[in-house]
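Single-structure report; data block below.
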Amino acid sequence: MINISLSGMLRRPKPTDSEADLLREQQELQAAGGQSTVAVVKRPDKRRGDAAAADAQDQRNQRDVVTIEDELPTLTPAPPKKSRFKQERVRFEDEDPGERLDRHDTHISAVLSRIIERDTSAVPVSLPCITGTAFPKALHRSVMESEGQERAPKGRKSIFARQIAAQRAKKEDSSASRHVSLSPLENMETERPESNVMDRVGGPVLLTGQGLGIANSGMETMKIHEENQTKLQAMSQSEILEEQRKLLAQLGPRLVDFVRSRRAQRTPGSESASGPVQREDFLNEPLPNSTSPQLDHTIKAQESQWDTMEEDEEDENQLGAQPPITEKELPIKPQKEWLHMDKVEPEKLEWTRDLPAPREQSTKKAMQARFDFAGTLIPPTKDLPTHLGLHHHGEEPELAGYSLQELFLLSRSQLNQQRNLAISTLANVLAKARAGEYISSLKGSVLSSLLDAGVLFLLRFSLDDSVEGVMSAAVHALRALLVSSDGECLDNAFSWLLGMATFPLLPTAQEDEDEDDEGLDETMKETTKEKEEKKTDHDVARQDVVKGFLKMQGLPRLRYILEVVRPSPRVVLDILEVLIRIARHSTAAATQILDCPRLMNTVIAEFLPCSWAPATSQAPSSLYGLPVALAMKLLRVLASAGRHACARILNSLGGKEVLSRFVVVEPSEMLLEAGEALRCSTEALRLFAVAASYGQACNLYTDLYPVLVKRLQAGNWWCASSEAVLPLELDPIRALLVLLTQVTQTAGCHEELQRDLVSAQGAECPPPPPVVWSHVTGLQPTVISSLKGCVRALDGPAQMSSALILLPSYLLYMEAYYSQLCVQSSFQPVQCLQELESLTSDVLLPLISHQAMQNITSCFRSSSMICNPRLSAAGGDVVSSLPGLDCSRMKTTSTIAGLNSPLPLPTALLYLLNTITSIHKGLIKKFSPLILSDSVLSYLRSCIGAMPSVSHMSAWILCHEHHLLYLLLRLAHKLVSVDPEVAKHATLFHQVSLALVSWLLPGSEYQAHELMSVVTFSHSLLPEGVCGEPEMAALAELQLKDRTSPTVGALLRDALHHLPSIRGCYLTHLAHMESSVLSSRDRYLGRTPFVSSHLLPELTGPSLPSDWPFLPLISLYERMGLSAGGGHQVESLPAGSVQSVTNCLQWLLVLESWREQALTAVPPVAKLARLACVFLCSSDLFLERPVQELTWVLFRRLTRPAQLEALDLGSPPPGLASFHDLYSALLAQYEAVSFGDPLFGCFMLLPLQRCYSVTMRLAVFGEHVGMLRSLGVPLQQLPIPLEKFTSPMEDSLPLLRLYFRALVTGALKRSWCPVLYVVAVAHLNAFIFSQDAVAEEVEAACRSLLRKTYYLTDEVLKNHLLLFQLPQQNSELGFSTYEQLPPIRARRLESIVGTEVKGGEK
């Protein structure tokens, strides 16, 4: 402790004194010879019990003592020591320390197993030297310092290290003296005339004899050396070269370096002994008379690689051990006048020297990623100046930049600036990682690494920081983590067909069910809410980042920042974007935002005021009290989550007043920056449109009708512009048209709801909207006028882009108007038909034939997400717990998501054409050129066989492409019956419809229902049924020679005749999707009062499975309760089950015959498993005549050569754990109810082919050997070649023994089971006469079986086993036999049995 005693009244130093004043006063004090007023004393430790020291301390305490009581600053821990070994080890956070200890703490048995004991029986035992001391001599520091002062290496080393180094140096001297004494032997070795490279080594280089523990260890090492020399002399040059090559291939670079270092230590002594002979390493020196230049080249290549690695290690060593800094190298020279600087301590001034330049690594060793403050990745070899602030005292001070670990550490610093800097840098890294800028440079995912490290928790903690700068940086980083560039694409698609509907951004990977709930009753199982409450924040965040942030009470903190802190504009915008992203997550997340106390009230009151002062600058210092477009967008996204959320916004939060305020005022009169005013007006109209899509805020429409009509009439101002118009200026017009479209659809539902309300008689029914059809009839003339202006503007180069952007919105309004007009009581058919004819001739036909439209259709194939699955590949850093749309990459790789997308205009045009043709059927043929366009037909052909991948990034754009395909097919189906040219492509349209049914995503169930009702089962799209195709199919099946069953042609004709009942069967089995179909229908047809939400169902894949043609079979199988295994089914089938299965099999026959491409997505093993349901559903279903006939044909098609090659029973079928489980159920069912049915028997024989797993054959001949008596499938009826069962030879010894036992015991007879009889005989014959080299056990079994076969009493079986030649499926026996035993087989039989076998014996 430091005490300062005051003994005089000298002047104290003042804060204003300079260093010169202090030095002058010190010189005056020294010149005067005065005594210092400050005495530094050391207080003794009272704990030692020294009484005198305690008394002295008490006396000093009686004097005036000033104690420094200021709180000492916290000490920054010193950087950890570097370890070369630690850098090479990789450890994970979740790694168990016990497992790591077990892995490194090797048991002593592993060490002892490598010890090779040397024979020391002939070695004399020498006792240790006797000394006069009982213990070894102790080492004293003074002695060791004097002895090892010259020996110890220079550098900073501890006393202990210097002692060890001195001992080693002393031992090296003693060993060198021993080597010198052996120099005559070395001269003898090197002076031999036939000496080679190994002779010139002159004694053992690696062996020293120190570990032998005997007195004459030197002689023993020389003896070993002489033995080695003798062996080398006896070897030829080629053998030496081969051994040298083996050594170089086996030894690692470190071991070679060790050998070289040992040889280098021997070089001076050896040179003195052997003369001026150049001595090189024996691994490098070429052998004399070497004739292998290729080997020399290989050796040099390996040596160059090792040299490169050694240079890297030397550079690391040189970098880590630099000489200590000298006084001359100090950047600031210490002056003698400075206090306590008379002695320079270099080790404390190491940090002041210049950093070494970054070294270039020759190897491909991975290095730690480092980033600058902007988040840019810094190359490890880039030398940046230090004034940038990127160098710091980390593990690698010479490298610029910060690693992620260092940023995490810096973010918890006590200094505000360091925390702010670290979190801001992390925000930039997150933004660049989401954009995919690190994919090509870094190994692994940066975003996943940060989330696993807990960046979400770090940002949540930083939001609670009391410093506003750190809080702002945390908000910016949170925005970079959660928000991607999705908003622009979704905003652009808002005016497309069904553009309001979006998928919730929920993670697709769901957690498996808890094992604790297995076997419990449904009432005892925990609910989903209870499971969520039990999860920790870490578990929730690991599965869903947004849900984890909500669980950590992130919304109240954001509300506090907005309400109390009132941050800068950038932070406000970031918070609003974060809230928008959370609202897109799910309906539950949007509800939490609305439920958060005072959050939405603060947003509306502060950023959507009804009155505000004009902004004083383009970039105001505060957004409070000014309208913000993002706040309006937040209301719109929240309203899209559900009609109840929209009602809360309009009624409870004052949304109607906000809408009326921002809809009435023109953007130019909002006293805001022009771009922000346009965005505010656009978002207000979009929010109004969302409310109208629920049938809400319609009274506001009637109040603002004059304003809306005025803005609609002024919407053609851009046509008179000579310059191109910005898309931002067109957004309010598009939003206005979407609003009017929704209002028109709502008005069209008024009469229907009024009728339902009258007939409901107290039942629950939505009330009629306040807007009626007469409120919207005045809009149609203005819209038609604007539509004609847009078509004319296509001819102007400046207005073409604007016209293409606005045309879809005008066309969609016209479709909504005419679709609702035809259901109104005031509908006038004649006037409507005249209007449609005028619209077709003036607008639609010119638009279809325009070059701009042709250019758009030519882009279908190149921009399609279906035809180009690579476009849906993630371009950024994507993690499963944080899904996004990744629109930025989609806009750069394709035009399908941008303003120039080829989707909205053709989709809107086809939507209108389908409505017009359903009203005026005489106009259908006029639209044939659109379908017969080469680009459209080429696009449809490309869709056949495509396998689009579904993800959050591709799903939203795939939905719009599915709408385009659906409308194309609907129009094509109408044209097939009226236009022969279109009918030529009927097969193409049918193939696309079959593919589209299995592609449609959740939310498109109505389109799937319409396709199956109208297109998929249509006679007009199956031209094969009327052009002789059934007869051709019958001719193709003639080789089957099955006279009893009807031909395939007859079955196909019957299937075509029953297409309506087949369609009804499939629609009946889709009844479980009724609620989804109705919800999708209301959204698609614009029945606004019935729409509940614009958030589509959760994205889990297509609505229908790829094997939907098997759906009736699978449904019946699941309903009969046999999914857990086979067995006899005693309950009768439900009514209509036979007809349902028959219809399913008929449709499968049609697809397999004429639309085989439609089932390519279903693997053959899945087809086989689905067909097996015919036998598992019931005990007698497969015996029904139509079912058996159809199943036979399908089974024969499944066993064609190409199909058999693709049939892989090793991979589990979809929905099953393994095929073996299904086969076990089939075995049990066959034994119970088969009655020897050949069809069922063929199904049982198929998996017994030699190419499939032996476990199924073992199950038949082991557990179910009794079924062999009834498995009587004739050889001629087996549709599979017999060679598939007999070749190659069976190698399973247990199965061969089961074959032999079944034959000998009579369980397997040719009359009972001819197929497996041939199989067993063929495999046993090949085994007992096999000449291949096998293991002793197999050879013994082979001899035993041959001996038993020879002594069989059943002569027929004996002759079959001995004289089997080849399988012949068409013969009566099933195989051919030898007339007599071939000589080679006779000799083998004689050698084993030991009996003379006559050549003529059979």
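- The backbone N or O of Ala692 lies less than 3.5 Å from a partner atom in the side chain of Thr746, making a donor-acceptor pair.
- In this structure, Arg734 does not pair ionically with Asp491, as no charged nitrogen and carboxylate oxygen lie closer than 4.0 Å.
- Looking at Val982 and Lys925, their side chains never come closer than 4.5 Å, going by heavy atoms from C-beta outward.
- Distance CG/Asp731 to CZ/Phe494: 11.0 Å, rounded to 0.5 Å.
- In the model, Gln854 has no side-chain atom that pairs as donor or acceptor with a side-chain atom of Ser933 under 3.5 Å.
- With hydrogens and angles disregarded, a donor-acceptor distance shorter than 3.5 Å links the side chain of Ser863 to the backbone of Cys859.
- Within 6.0 Å of CZ on Arg861 lie no more than 12 heavy atoms contributed by other residues, nucleotides or ligands.
- For the pair Lys926 and Glu837, the salt-bridge criterion is not met [side-chain N within less than 4.0 Å of a carboxylate O].
- Ring orientation note: the planes of Phe1017 and Trp1147 are tilted relative to one another, at an angle of 30° to 60°.
- Thr1088 and Gln745 share no side-chain donor-acceptor pair at under 3.5 Å.
- Annotation: side chain of Leu821 is not in contact with side chain of Ile919 (no heavy-atom distance under 4.5 Å).
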Can you list the steps and then say if His973 with Ser1018 is a side chain to side chain donor-acceptor pair (under 3.5 Å)?
CA-CA 9 Å; His973 178 258; Ser1018 173; 3.1 Å; yes
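- Of the inter-residue distances, the one linking Tyr705 atom OH with Thr702 atom OG1 reads 11.0 Å to the nearest 0.5 angstrom.
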Gln780 and Met814: CA distance, side-chain angles, deciding distance, side-chain contact (heavy atoms from CB on, under 4.5 Å) verdict:
CA-CA 8 Å; Gln780 187 249 6; Met814 296 305 301; 4.2 Å; yes
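- Checking side-chain atoms of Arg643 against main-chain N and O of Pro1089 turns up a donor-acceptor pair under 3.5 Å.
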Evaluate the side chain to side chain donor-acceptor pair (under 3.5 Å) criterion for residues Glu751 and Ser825: first the C-alpha distance (whole Å), next the side-chain angles of each, then the deciding distance (0.1 Å), finally the verdict.
CA-CA 8 Å; Glu751 292 186 3; Ser825 58; 3.0 Å; yes
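- Between the side chain of Thr1016 and the main chain of Leu1011, a donor-acceptor pair closer than 3.5 Å is present.
- Looking at Leu909 and Met853, their side chains come closer than 4.5 Å, going by heavy atoms from C-beta outward.
- Annotation: side chain of Ile931 is in contact with side chain of Phe989 (closest heavy-atom distance under 4.5 Å).
- Within the model, atoms CZ of Arg711 and CG of Leu704 stand 10.5 Å from one another, a figure rounded to the nearest 0.5 Å.
- Atoms SG and CD, from Cys867 and Glu961 in turn, are 6.5 Å apart once rounded to the nearest 0.5 Å.
- Looking at His920, its side chain never comes within 3.5 Å of a backbone N or O of Ile916 through a donor-acceptor pair.
- Within the 4.5 Å cutoff, the side chain of Trp999 has no heavy atoms near those of the Val992 side chain.
- Of all heavy-atom pairs spanning His960 and Gly499, the tightest one is CE1-CA, 4.1 Å.
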Show your reasoning for whether side-chain contact (heavy atoms from CB on, under 4.5 Å) applies to Thr987 and Glu1024.
CA-CA 9 Å; Thr987 301; Glu1024 293 86 354; 3.6 Å; yes
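- Without hydrogens or angle criteria, Ser993 side chain to His990 main chain gives a donor-acceptor distance under 3.5 Å.
- Put simply, NZ on Lys974 and OG on Ser1020 are 13.0 Å apart, with the number rounded to the nearest 0.5 Å.
- Counting all heavy atoms, side chain and backbone alike, Ile866 lies closest to Ala946 at O-CB, 3.6 Å.
- Atom CE of Met500 is separated from atom CZ of Arg1083 by 12.0 Å, given to the nearest 0.5 angstrom.
- Contact record, Pro732 with Leu685: O-CD1, 3.5 Å, taken as the closest heavy-atom pair.
- A 4.5 Å side-chain heavy-atom check between Gln1157 and Ile944 finds at least one atom pair inside the cut-off.
- The aromatic rings of Tyr1006 and Tyr1084 sit tilted relative to each other, their planes meeting at an angle between 30° and 60°.
- Side-chain N or O atoms of Ser1079 include none that pairs as donor or acceptor with a backbone N or O of Ser1076 at under 3.5 Å.
- Across all non-hydrogen atoms, the minimal contact from Pro1002 to Pro1097 is CB-CB, 3.9 Å.
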Stepwise side-chain contact (heavy atoms from CB on, under 4.5 Å) test for Glu835 and Leu839
CA-CA 6 Å; Glu835 290 179 2; Leu839 178 66; over 6 Å; no
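- With Leu811 as the partner, the side chain to side chain contact (heavy atoms under 4.5 Å, CB included) test is satisfied by one option alone out of Leu905, Leu806, Thr907: Leu905.
- In this pair, Tyr694 and His1094 present their aromatic rings tilted. The plane angle is within the 30 to 60° band.
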Applying side-chain contact (heavy atoms from CB on, under 4.5 Å) to Val771 and Asn699, what does each step give before you reach the verdict?
CA-CA 7 Å; Val771 60; Asn699 51 359; over 6 Å; no
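- Side-chain contact between Asn914 and Phe927 is absent, with no heavy-atom pair separated by less than 4.5 Å.
- No donor-acceptor distance shorter than 3.5 angstrom exists from the side chain of His1069 to the backbone of Tyr1066, with no hydrogens or angles considered.
- Side chain of Ser1140 to main chain of Gly1136: no donor-acceptor pair is present (N/O by atom type, distance under 3.5 Å, no hydrogens or angles).
- Considering all non-hydrogen atoms of both residues, Ser785 and Asn716 come closest at O-ND2, 4.3 Å.
- The shortest side-chain heavy-atom distance between Leu1070 and Leu1111 falls under the 4.5 Å cut-off.
- Of all non-hydrogen atoms in Ala955 and Leu1001, the two that sit nearest each other are O-CD1, 3.7 Å.
- Atom NE2 of His1019 has more than 12 neighbouring heavy atoms from other residues, nucleotides or ligands inside a 6.0 Å radius.
- Under a cut-off of 6.0 angstrom, the local environment of CG in Asp842 is crowded, with over 12 non-hydrogen atoms contributed by other residues, nucleotides or ligands.
- Ser849 places a side-chain N or O within donor-acceptor distance of the main-chain N or O of Pro846, the cut-off being under 3.5 Å.
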